[in-house]
Amino acid sequence: MFRTLDQADVKGKRVLVRVDLNVPVEDGKVADTTRIERVAPTIREIADKGGKVILLSHFGRPKGFDRKDSLKPFAPAIADVLARPVAFAEDCIGEKAAAAVNAMKAGDILCLENTRFHKGEEKNDPAFVAALAALGDIFVNDAFSVAHRAHASVEGLGRKLPTYAGRTMQDELEALTKVLETPTRPLAAIVGGAKVSTKLDLLGNLLAKVDILVIGGGMANTFVAALGHPVGKSLCEHDLLPTAREIMAKAKSRGREIVLPVDAVAAKAFAANAPSRVVALDGVGADEMILDIGPRSIEHVCSVLARVRTLVWNGPFGAFELEPFDTGTVEVAEAAAELTSAGRLITVAGGGDTVAALNAAGVTERFTYVSTAGGAFLEWLEGKALPGVEVLKVR
Ligand code: 3PG
Ligand code: MG
């Protein structure tokens with residue numbers, strides 16, 4: 001379906017490699033190197049095969065040049081991860097970039113400045129695409145997490161140069177395609193997060209594909225309220241109760257199972273360690289809010305995991321950033337990780353909050369695949385075509 005590095009002849013070539021360096025930076029230092037670690041195998045492989053690795057990335061959402069969004073601090077961070085020198089050029093096109101590229105030898109690594117310093121990047125402007133393309137012979141995209149953006153360094157370049165998926169992109173596409181297109185069934189999805197309104201497309205697409213849909217997080221309150229239970233001061237989209245009922249009716253008519261919480265942990269304040277109690281679904285007080293699923297819900301979700309073979313997970317159950325309201329997420333994550341280790345469950349997860357929650361639960365390494373993508377993972381779950389993936393398809 002798409003070309004990989006197996007088909008690329010990189011020896012002696014200038015290889016433009018799109019990575020996603022859009023990661024947290026604190027006090028001018030890269031604070032989370034996960035995305036860098038993920039692309040390291042692709043960079044090493046190209047360099048070891050004698051290619052000249054030219055890294056392209058955006059960072060932040062600058063409007064034109066902005067020193068605080070410079071990729072300069074990333075060159076040493078990437079060098080640390082790779083244990084190899086990484087040069088930096090103060091622009092991603094034009095004379096400065098060309099001079100840096102011309103100075104490269106086989107196996108060298110160069111990081112170019114933030115592509116979003118030029119307006120042409122987000123506009124996918126042909127002149128900017130051409131200026132980038134002039135620096136390389138081939139294009140490798142290893143940044144699934146930005147594949148939902150039809151930007152020059154993601155999409156435009158892919159149409160201009162011979163294009164290949166990097167190893168991380170390849171792994172990601174293989175894992176994600178397998179899980180929704182040809183899953184080992186039964187297939188369950190856990191969808192959490194605050195709002196139903198932001199996940200309507202996702203719920204619609206997933207209902208067509210999964211056998212069991214587990215709804216958690218703040219959005220579960222909307223469903224619980226739609227069933228006529230009191231939700232007190234909980235996060236709840238009261239205007240979406242009819243929509244929630246429609247989703248439940250659709251699931252029923254299609255023979256899909258929707259799993260909702262059967263009990264809750266409720267508190268009067270949205271704060272870490274706020275006094276809380278476990279309540280049955282009809283027992284939430286008018287002055288209380290639901291901050292997590294209760295022990296019977298945890299047990300129920302774990303029993304679902306024990307009878308499915310594949311799980312796709314997006315969105316935490318409770319207010320996972322506040323202890324102890326991370327309990328539901330952590331315990332379900334533990335159960336999923338254990339089943340995965342035992343070879344009984346395939347687990348694929350993604351989304352910013354989800355990854356943070358799974359990292360905090362310490363299960364990421366044991367899951368089958370955890371995507372570092374946020375928006376791209378969501379759009380993929382919605383069944384949308386991602387421009388950065390479409391352009392990789394063999395034409
Ligand atoms: C991300 O971190 O989600 C990607 O790098 C995309 O960034 P963007 O939302 O600013 O386009
Ligand atoms: Mg984003």
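First listed ligand is number 1; within each ligand, the first listed atom is number 1.
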Min over R61, H151, H148, R149 of heavy-atom distance to atom 10 (O) of ligand 1 lands on R61
Min over T372, N22, L21, V146 of heavy-atom distance to atom 2 (O) of ligand 1 lands on N22
- Query: What is the ring orientation for W380 with F377, classed by angle as parallel under 30°, tilted 30 to 60°, or perpendicular over 60°?
  - Reply: tilted
Any heavy-atom pair between the side chains of D6 and R167 that's under 4.5 Å? yes
Going by the 4.0 angstrom heavy-atom rule, the piece of R116 near ligand 1 is side chain
Counting from 1 in the order shown, the ligand 1 atoms closer than 4.0 Å to a non-hydrogen atom of D20 are 4 (C), 5 (O)
Taking only non-hydrogen atoms of S145 and a 4.0 Å limit, the atoms of ligand 1 in range are 4 (C)
Is the shortest side-chain N to carboxylate O distance from E45 to K49 below 4.0 Å? yes
ask   = So, are R185 and D211 salt-bridged, with charged N and O less than 4.0 Å apart?
value = yes
* Does R35 come within less than 4.0 Å of ligand 1, judged by its heavy atoms? -> yes
If we only consider heavy atoms of G374, is any one of them less than 4.0 Å away from an atom in ligand 1?
no
By salt bridge (charged side-chain N to carboxylate O under 4.0 Å, His left out), E113 pairs with (sequence neighbours left out) none
Hits for ring pair (Phe, Tyr, Trp, His ring centres under 6.0 Å) against F74, two or more places apart or cross-chain, chain-then-number order -> F59
